[in-house]
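Structure, as structure tokens:
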Amino acid sequence: MTAPSSAAGRPDGPDRHDGPDRPGISGRPDGTDGTDGFPPPRPAYDIHTWKEIAHLLLNLPTTVFGFVYAITVLSVGGGLAVTVIGLPLLALSLLGARQLGKLERARARALLGVRVEEPSPLPLARGGGLLQRAWMALKDPVGWRTLLYDVIRLPWGILTFCTVLTSLFVLWPVLPYLARGLANVDRAMVRALLSPSDELERRIAELESDRGVVVDTAAADLRRIERDLHDGAQARLVNLAMGLGLAKEKLLEDPDTAAEMVAEAHGEVKLALQELRDLARGIHPAVLTDRGLDAALSSVAARCTVPVKVTVDLADRPAAAIEGIAYFTVSELLQNVSKHSAARSASVDVWRTADRLLIQVHDDGRGGAVLDGGTGMRGLADRLGAVDGLFVVDSPTGGPTEVTAELPWRDREK
């Protein structure tokens with residue numbers, strides 16, 4: 001009698017463990033035994049934590065360099081302040097400190113996510129001579145705050161470097177919380193010492209820059225008046241004096257010739273008076289003083305080579321300085337319309353909105369006007385900027401051209 005096969009009559013219940021191929025044995029919901037793979041590896045900390053750790057570790061080399069730079073320039077510059085090169089050297093050092101601050105803001109922006117605006121650059125191009133530029137750099141609060149930042153950061157850089165480096169091996173479970181706290185202190189330092197100047201300091205820098213523009217504009221106007229007097233009215237008056245001298249000599253010998261010379265001198269007097277009136281109109285026209293912008297701009301428009309419609313909607317007259325700038329702005333723009341635009345018509349609109357005086361000059365010419373195109377618009381923009389005004393040019397190629405000027409409104413003194 002043959003013994004039954006070991007495979008026969010076997011119960012197929014779940015208590016049998018025949019191998020890993022059988023379903024429902026491992027007890028996992030998906031019917032697998034869990035030996036087909038491990039979870040994918042991932043960093044112990046997220047990317048933000050690693051950025052903070054990198055920033056804290058970089059604190060040591062950057063703070064050491066900044067501390068050495070600050071102490072060196074302060075000691076050398078201060079020690080040589082009694083000599084000729086001391087203050088210029090210190091001024092250059094403050095400009096260099098600005099660059100260090102720029103690098104620190106970039107590092108904080110990349111690793112800590114701190115968005116700090118860059119300070120306004122010093123207007124050194126408008127600072128005049130070398131001494132004025134050096135004095136401007138010596139007064140720069142951004143450079144001095146950067147030096148202060150570099151000096152006080154050395155102990156903090158050593159502390160953060162040692163703490164984070166040690167925690168990477170000893171306190172790694174709590175390192176993310178520790179790094180976040182230390183990084184927040186860094187964020188506060190950057191915002192407090194490397195941020196742009198406050199509104200008052202920014203305003204002072206703008207006013208200093210605008211003062212230079214005003215001085216340059218006034219000097220250019222004086223040179224223009226001097227040149228016009230020398231080449232125009234003065235030359236005519238010299239010719240008039242010579243002609244009258246010759247007529248005096250011929251008065252007894254040849255009265256008829258003397259009379260003709262006196263008549264010519266009378267014509268020269270009329271031309272000289274006309275040139276003086278034109279020059280006075282260029283300085284400050286009498287019609288603007290007597291009758292205001294409406295009449296003065298209408299007079300300017302009458303001299304334009306294209307028809308100009310003038311609309312002035314002002315209940316009161318602005319301050320004399322603002323009124324003069326508005327007049328010369330429109331006068332210069334209409335001259336550009338006559339010379340460069342090839343327009344068939346133009347319009348001038350002047351009105352007041354709240355505490356601003358707005359001017360808009362429009363023409364249907366060929367367009368293409370730009371601020372640096374050699375038409376005097378850059379000078380207009382600088383003149384308006386010196387009094388907190390705005391100057392916007394919209395002139396696509398093919399036209400039309402629309403120039404908008406905005407000036408602060410100041411009431412006229414009674």
Side-chain angles (χ1 to χ4, degrees), residues 55 58-112 114-157 186-217 219 372 378 381-382 385-386 388:
H55 185 275
L58 287 174
N59 273 351
L60 181 62
T62 56
T63 54
V64 168
F65 180 81
F67 181 82
V68 172
Y69 178 85
I71 295 300
T72 302
V73 300
L74 288 175
S75 58
V76 174
L80 296 177
V82 295
T83 65
V84 177
I85 65 172
L87 292 181
L89 181 61
L90 186 57
L92 289 175
S93 302
L94 289 170
L95 294 177
R98 267 182 164 255
Q99 300 305 313
L100 291 181
K102 184 177 181 179
L103 292 176
E104 281 296 296
R105 283 187 293 272
R107 186 167 71 99
R109 186 164 50 249
L111 298 179
L112 298 182
V114 178
R115 302 295 176 182
V116 177
E117 294 183 4
E118 294 293 328
S120 301
L122 290 176
L124 297 177
R126 301 177 180 176
L130 182 61
L131 292 179
Q132 292 179 344
R133 296 181 183 182
W135 180 243
M136 189 182 299
L138 288 173
K139 295 188 302 179
D140 180 25
V142 176
W144 286 109
R145 285 206 306 268
T146 305
L147 289 181
L148 176 62
Y149 176 86
D150 291 333
V151 170
I152 66 175
R153 288 267 299 174
L154 180 62
W156 176 253
D186 267 340
R187 292 184 177 97
M189 288 187 182
V190 170
R191 291 191 179 100
L193 295 176
L194 298 183
S195 61
S197 303
D198 58 23
E199 190 61 27
L200 179 60
E201 292 177 349
R202 186 185 298 271
R203 182 63 179 156
I204 290 173
E206 291 177 356
L207 290 176
E208 289 179 346
S209 175
D210 293 342
R211 182 180 61 185
V213 173
V214 171
V215 171
D216 293 341
T217 302
D372 298 322
R378 170 56 60 186
D382 291 341
D388 286 342

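For clarity, every value in this text was computed on a predicted model and none was experimentally measured. The first residue of the sequence shown is numbered 1, and numbering continues consecutively from there.
When Asn59, Asp186, Leu112 are each tested for a side-chain contact (heavy atoms from CB on, under 4.5 Å) with Arg107, only one passes: Asn59.
Side-chain N or O atoms of Trp144 include none that pairs as donor or acceptor with a backbone N or O of Lys139 at under 3.5 Å. Between the side chain of Arg98 and the main chain of Thr146, no donor-acceptor pair closer than 3.5 Å is present. In terms of modelled atom types and a separation under 3.5 Å, the side chain of Tyr69 and the main chain of Ser93 share a donor-acceptor contact. Arg153 places no side-chain N or O within 3.5 Å of a backbone atom of Phe67 that could act as its donor or acceptor partner. The main-chain N or O of Leu194 is found under 3.5 Å from a side-chain atom of Arg105 such that the two form a donor-acceptor pair.
Scanning both residues, Ala192 and Ser195, for their nearest heavy atoms gives O-OG, 4.1 Å. When all heavy atoms of Ala134 and Ala91 are compared, the closest pair comes out as O-CB, 3.7 Å. Ile152 approaches Pro155 most closely through the heavy-atom pair O-CD, 3.5 Å.
Here the CD1 atom belonging to Ile85 is positioned 12.0 Å from the CG atom belonging to Leu90, to the nearest 0.5 angstrom. In this structure, Leu94 CG and Arg145 CZ are separated by 12.5 Å, a value rounded to the nearest 0.5 Å. For the atom pair OG1 of Thr62 and CG of Leu60, the computed distance is 8.0 Å after rounding to the nearest 0.5 Å.
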Q: Kindly determine whether Leu100 and Phe65 satisfy side-chain contact (heavy atoms from CB on, under 4.5 Å), including the steps that lead there.
A: CA-CA 10 Å; Leu100 291 181; Phe65 180 81; 3.7 Å; yes
Q) Between Glu104 and Val190, is a side-chain contact (heavy atoms from CB on, under 4.5 Å) present by the stated rule, with each step listed? A) CA-CA 8 Å; Glu104 281 296 296; Val190 170; 5.7 Å; no
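Heavy atoms of other residues, nucleotides or ligands lying less than 6.0 angstrom from CH2 of Trp135 number 12 at most.
The shortest side-chain heavy-atom distance between Leu154 and Val64 falls under the 4.5 Å cut-off.
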